[in-house]
Amino acid sequence: MSSSMDSVGVARLLPGGPVADRVLGEVAAEVVALRAAGVTPSLATVLVGDDDASAGYIRIKQRQAAELGFVSPHVRLPASASQVDLHRVIEDFNADRGVHGVLVQHPVPGGLDYGRALQVLDPDKDVDGMHPVNLGRLALGLPGPVPCTPAGIEALLAFHGVSVAGREVVVLGRGATLGRPLAMLLAQKRSTTNAAVTVVHTGVADWPRFARRAEVLVAAAGVPGIVRPEHVRPGAVVVGGGVRYAGRRLLPDVDPSCARVAGAITPRVGGVGPTTVAMLFRNAVGAVRRAVGG
Ligand SMILES: Nc1nc2c(c(=O)[nH]1)N[C@@H](CN(C=O)c1ccc(C(=O)N[C@@H](CCC(=O)O)C(=O)O)cc1)CN2
């Protein structure tokens with residue numbers, strides 16, 4: 001771990017931008033090599049409904065795909081689409097040998113089941129690492145796509161020299177997209193992981209007791225402002241992973257005043273978010289490699 005545990009005052013910032021730039025640079029080099037070998041990487045995107053924030057993220061991903069040299073077919077379904085409509089789109093992309101990766105933006109409108117839709121997706125084309133087969137691989141430490149935000153957090157900590165090996169990491173939140181996969185990831189036996197991980201959730205009345213123990217505290221609750229300075233061990237590393245959206249406005253779990261107590265902290269904007277998009281493309285290029293047998 002860095003010297004952050006020794007100093008209390010104004011926390012060192014842990015931006016995600018440079019981490020994303022590095023990962024995207026590696027992906028870009030791979031895309032050049034794939035194209036030189038006659039392979040055109042393809043990442044399909046699916047958006048259901050009219051959620052502004054989701055439409056914005058799809059635009060970001062489409063733009064990034066084009067910059068990196070991916071083709072990126074897109075299907076937008078109306079909010080009135082049925083589960084069967086959504087499954088049909090996914091099945092069509094599954095069957096298309098020219099499409100290497102598929103992402104379904106979440107959340108999907110109420111009435112649709114994102115988890116069921118993921119089960120229809122070919123696990124080899126699952127660039128979000130959220131198919132049960134891929135979460136199973138993560139649980140067993142087998143190679144495969146890792147959910148983007150957890151993978152981004154691991155990369156962000158490693159990039160900034162925050163070692164979690166042998167450290168007490170507390171993940172506040174147990175959701176399928178962040179808390180649970182992150183806990184599995186950080187507990188793995190690798191140089192950038194190997195942590196002593198505790199998962200606690202806001203249904204545990206005494207969750208602050210666990211949070212205050214953490215040398216690295218990851219907020220993954222999706223409850224705006226829930227993590228406050230009194231929940232942070234002085235000098236700890238605080239990672240803001242969880243967010244909730246009010247329209248397009250992002251409401252993070254971590255109150256900015258935590259920077260007074262933490263040794264290091266991700267910024268409210270430009271922290272974990274950019275690494276999420278970068279990891280999507282790392283997974284996407286992995287899907288291309290699997291498809292072409294590389
Ligand atoms: N299929 C998926 N759906 C969703 C995912 C995902 O990984 N796969 N994650 C989020 C949304 N998301 C990407 O899809 C995403 C969220 C936030 C950011 C980001 O960079 N945010 C900025 C803040 C911008 C602001 O203030 O509004 C930041 O953190 O600096 C990128 C991607 C849910 N859906």
Side-chain angles (χ1 to χ4, degrees), residues 13-21 23-24 43-49 51-65 72 74-77 86 89-90 93 101-109 112-121 123 125-131 134-135 138 145-156 173 175-182 185 218-222 224-225 238-254 256 265-284 287:
L13 283 182
L14 306 173
V19 190
D21 289 347
V23 172
L24 291 172
L43 169 64
T45 60
V46 182
L47 174 64
V48 192
D51 182 71
D52 265 1
S54 294
Y57 291 125
I58 286 288
R59 273 194 298 278
I60 291 171
K61 292 172 184 181
Q62 287 279 337
R63 200 166 48 231
Q64 188 66 70
S72 191
H74 176 64
V75 171
R76 183 167 193 164
L77 292 174
L86 177 55
V89 170
I90 295 170
F93 282 137
V102 181
L103 81 86
V104 179
Q105 188 66 23
H106 68 81
V108 291
L112 295 184
D113 185 334
Y114 180 75
R116 262 180 66 208
L118 279 181
Q119 290 178 36
V120 173
L121 180 59
K125 296 192 179 189
D126 167 29
V127 289
D128 272 313
M130 290 297 301
H131 187 284
N134 289 322
L135 289 174
L138 176 63
V146 173
C148 302
T149 304
I153 290 174
E154 179 196 357
L156 184 143
T177 55
L178 180 51
R180 263 182 290 167
L182 179 67
L185 184 63
V218 184
V238 176
V239 177
V243 291
R244 183 177 293 171
Y245 296 90
R248 294 201 70 159
R249 215 157 64 85
L250 177 133
L251 307 172
D253 283 358
V254 176
I265 192 166
T266 54
R268 184 197 160 284
V269 173
V272 171
T275 69
T276 296
V277 177
M279 291 303 163
L280 167 72
F281 286 97
R282 193 172 77 175
N283 284 343

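Keep in mind that the numbers below use all heavy atoms, side chains included, and drop hydrogens, waters and symmetry copies. Atoms within each ligand, like the ligands themselves, are counted from 1 in listed order. Along the sequence shown, residues are numbered consecutively beginning with 1.
- Looking only at heavy atoms of the protein, atom 18 (C) of ligand 1 is closest to Tyr57 CE2, 3.5 Å.
- Side-chain contact between Leu112 and Val48 is present, with heavy atoms from C-beta onward closer than 4.5 Å.
- Contacts between Val269 and ligand 1, counted as non-hydrogen atom pairs separated by less than 4.0 Å, involve both the backbone and the side chain.
- Side-chain N or O atoms of Arg244 include none that pairs as donor or acceptor with a backbone N or O of Pro224 at under 3.5 Å.
- For the pair Lys125 (side chain) and Phe93 (backbone), a donor-acceptor distance under 3.5 Å is present.
- Near Tyr114, meaning under 4.0 Å from one of its heavy atoms, ligand 1 places the atoms 1 (N).
- Across Met130, Gln105, Lys61, heavy-atom proximity to atom 10 (C) of ligand 1 is greatest for Gln105.
- The shortest N or O to N or O distance between Cys148 and ligand 1 is not under 3.5 Å.
- Under the 3.5 Å distance criterion, the side-chain polar atoms of Asn134 are matched with a main-chain donor or acceptor of Pro123.
- Counting heavy atoms under 4.0 Å from ligand 1, residue Val104 touches it through the backbone alone.
- Formation of a donor-acceptor pair under 3.5 Å by the Arg268 side chain with backbone atoms of Leu251 is not found in this model.
- Residue-ligand proximity, Gly270 to ligand 1, at heavy-atom distances under 4.0 Å covers atoms 28 (C), 29 (O), 30 (O).
- The only member of Leu182, Thr266, Val254, Asp253 that meets side chain to side chain contact (heavy atoms under 4.5 Å, CB included) when paired with Val239 is Thr266.
- With respect to atom 1 (N) of ligand 1, the closest heavy atom belonging to the protein is Asp128 OD2, 2.7 Å.
- Donor-acceptor pairing under 3.5 Å is recorded for the side chains of Gln62 and Thr45.
- Looking at ligand 1, you'll find an N or O of His106 within less than 3.5 Å of one of its N or O atoms.
- Annotation: atom 19 (C) of ligand 1 to nearest protein heavy atom, Gly273 CA, 3.4 Å.
- At under 3.5 Å, not a single nitrogen or oxygen of Thr276, backbone or side chain, sits near a nitrogen or oxygen of ligand 1.
- For the residues Leu250, Val277, Thr275, the heavy atom positioned nearest atom 23 (C) of ligand 1 is part of Leu250.
- Side chain of Asn283 to main chain of Pro145: no donor-acceptor pair is present (N/O by atom type, distance under 3.5 Å, no hydrogens or angles).
- Within the 4.0 Å heavy-atom shell around ligand 1 one does not find Arg249.
- When side chains are defined from C-beta on, Asp128 does not count as touching Pro147, because their heavy atoms never get closer than 4.5 Å.
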